[in-house]
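A short write-up of the structure that comes next.
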Amino acid sequence: MAEEHEQEPRESLFEAPPLAEQERMVEAILFASAEPVSVAELNARMPHGADAAAALELLRARYEGRGVRLVKVGEAWAMRTAPDLGFLMQKETVEVRKLSRAAIETLAIIAYHQPVTRAEIEEIRGVSVSRGTIDQLLELEWIRFGRRRMTPGRPVTFVVTEAFLDHFGLESARDLPGLKELRAAGLLDSRPPPGAGTPEEGEEDGAQDDMFGGEGAGEDES
Amino acid sequence: MAEEHEQEPRESLFEAPPLAEQERMVEAILFASAEPVSVAELNARMPHGADAAAALELLRARYEGRGVRLVKVGEAWAMRTAPDLGFLMQKETVEVRKLSRAAIETLAIIAYHQPVTRAEIEEIRGVSVSRGTIDQLLELEWIRFGRRRMTPGRPVTFVVTEAFLDHFGLESARDLPGLKELRAAGLLDSRPPPGAGTPEEGEEDGAQDDMFGGEGAGEDES
Amino acid sequence: MSEDFQEDRVAPVAARLAEEALIVDVDGFEGPLDLLLTLSRTQKVDLRKISVLQLAEQYLGFVEQARRLRIELAADYLVMAAWLAFLKSRLLLPPDPADEGPSGDELAAHLAFQLERLAAMREAAAKLMARDQKGRDFFPRGIPEDVTRVRRVTYTASLLDLMQAYARLRTRDEFRPLVMDRDRILTMEQALERLRGMIGFAGEWTDIMCYLPEGWGGDPALRRSATAATFAATLELVREGAIEIRQGETFAPIQIRKRGDG
């Protein structure tokens, strides 16, 4: 300690921050850094005259026996959860992937048009819906089977689930913005599709009201 | 997972771990996660009988004044570096897309008036909300759709998200700077222009009071 | 009110310069309310005590000046000017007891409220942005822990992904109407084809309702569509000279039969 204080005036016009403060700095840097940080880099990032090695020693002692530890990785330092608590980390190991385009489109159609049959989904998407896509959405519990449609063949319909609403932060499927709102938010090209005039929009809105008015959506919310 | 269960075959027969141990567990979980973790999730991940809320209190006190702090975000908890050490973090600083004045004002209006419709935002700003402004805020995940307003046209409403609270270091939407003063001054009222039809406006008032009254703001974030 | 006029008259050079700056800067304003708020600042008073009458005159002066300088003002600026002129007359004239509408004072109070609210939201926005922000002033964990013991793959998507997917589908060039709409509609072509096959047997006058396809008579929506299509098809057949059509009176059954000489 005494040594350090004697060194300071020579090194800089400014005094280095107290060691306790340096310890806080090392703590924050190690916490936020995406990679282990070497002592040299710590010194470079901290105010002039700071002694990262000393601060690291203090910090290491402080975290002794805690849920988090200071570990040395090669020549650098990092913070890690205590190994005996690894079993608590299961949740962090979930690998999250983006849904495929086919799946997200299928999901969108179900959300907007529920209850909807597979044939209807294919009609809207213009391509056939693979079994895997529906299975994936079922497995995610974002969709489930609705009532059978009272048309020839009595096809099953699909509707979205509570888990879907939960994931997308919606209070109900009714809160999904309509086409007009999507357009207003700039999510939709404002130019109507070729060959389709304004009635198209009215028709769609009608279809949507119809569908939200009907049994399908209401059922889900209850 | 299986392993853990084998270690503690009859969890409920054992006493919950000592509070100091629970504190370590909460520390490890929060430390490992970049996202806020709710008390419910903490309890779900910790051994049976643990009391995450009590452990959190201890932990919060322990980190008082450190380089890393325990902060509350909505109903969840997270560890964040102390704001006074931000200057050390140039390396970690993420380039934030510069928000336009319109976007900033729109965000503030949504935060203070939530749930709020697009028409209400326009009424307050005196100009139409430009294409892309809402889009940008949605993309940042700072706002989301709330419940539809039960007025003619059933317009969608917007509310702020937990990510918004996290970004601005707010515990809840009630902690927005100056909220109380604004409310006391009546500046958050939805005051209809004189001579305008009253019935629907009345309903709007109701919705708004509801939201800031009690459960509303908190509920949205949970 | 007389006070307001006086204030106006003693407007210092600085204020006049400010007004000229406004003209040059007209593009910088976000609409009439923003402009009014800026103008109100020249009154240098609490927004609650603002003189709306004076503000209206300032605004009208601004619009007048813009016109003189041949600056094109957007329609909403002119709408506001017209409204403020109306408000001004209401404020200056004694109230007409027969008039049912809101009084000038009520309208003025509301405008003052709107300005105060906008100013308050601007201030709130500034306060919000001045807060410590994540990724700038404070930071989350840099290395979220990856304990590779249990690997479970899950899929995610944001609400924006969902909406964009839907938007993409609905704006594709080869837009198709919904099948739901289509399978509840009998087209005229379908009805015509059906009638052509059956008309050979219709020697007697027969109600066209007998020609509805099986299963389309129950559900009102289906019946409506089928009736309309069938009726349109009979008209087409009449035009071709294949059948005759008659209706005894308004709302009576419409009957058809094959043309005798056919």
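All chains are named by letter (A, B, ...) in the order of the sequence lines, taking the proteins before the strands, and each is independently numbered beginning at 1. Side chains included, hydrogens not; waters and symmetry mates left out as well; all remaining heavy atoms used.
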At their closest point, which heavy atom of [X] faces which heavy atom of [Y], and how far apart are they?
X: C:K127; Y: B:G178; result: NZ-CA, 4.3 Å
X: B:I104; Y: C:A125; result: CG2-CB, 3.7 Å
X: B:D166; Y: C:F138; result: O-CZ, 3.3 Å
X: B:F168; Y: C:R131; result: O-NE, 2.7 Å

Reported [atom1]-to-[atom2] distance for the pair [X] and [Y], which is rounded to 0.5 angstrom:
X: C:Q164; Y: B:D135; atom1: CD; atom2: CG; result: 6.5 Å
X: B:H167; Y: C:K134; atom1: NE2; atom2: NZ; result: 8.0 Å
X: B:L85; Y: C:D137; atom1: CG; atom2: CG; result: 11.0 Å

Next item on the list: Determine whether more than 12 heavy atoms belonging to other residues, nucleotides or ligands lie under 6.0 Å from atom CD of B:E141.
Entry: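 Not buried by this count: 12 neighbours or fewer within 6.0 Å.
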
Checklist line | Side chain C:R141, main chain B:F31, donor-acceptor under 3.5 Å | finding: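 The answer is yes, because a donor-acceptor pair under 3.5 Å joins these two groups.
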
Item checked: Contact class of C:L128 relative to chain B, heavy atoms under 4.5 angstrom ->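 Both parts, backbone and side chain.
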
Output a table of donor-acceptor pairs, distance under 3.5 Å, between side-chain atoms of residues 114-123 of chain C and any protein atom two or more places apart or on a different chain; print 'none' if there are none.
from   : atom 1 : to     : atom 2 : distance (Å)
C:Q114 : NE2    : B:E123 : OE2    : 3.4
C:E116 : OE2    : C:R48  : NE     : 3.2
C:E116 : OE2    : C:R48  : NH2    : 3.0
C:R117 : NH2    : B:E123 : OE2    : 3.4
C:R122 : NE     : B:E105 : OE1    : 3.3
C:R122 : NE     : B:E105 : OE2    : 2.5
C:R122 : NH1    : C:D34  : OD1    : 2.9
C:R122 : NH2    : C:D34  : OD1    : 3.3

Next item on the list: Go through the atoms of B:A78 and report whether side chain, backbone, both or neither lie under 4.5 Å from a heavy atom of chain C.
Entry: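 No part of B:A78 comes within 4.5 Å of chain C.
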
Notebook entry, point to check: Below 4.5 Å, heavy atoms only, C-beta onward: do C:L33 and B:I124 meet side chain to side chain?
Noted result: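 Of all side-chain heavy-atom pairs linking B:I124 with C:L33, none is under 4.5 Å.
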
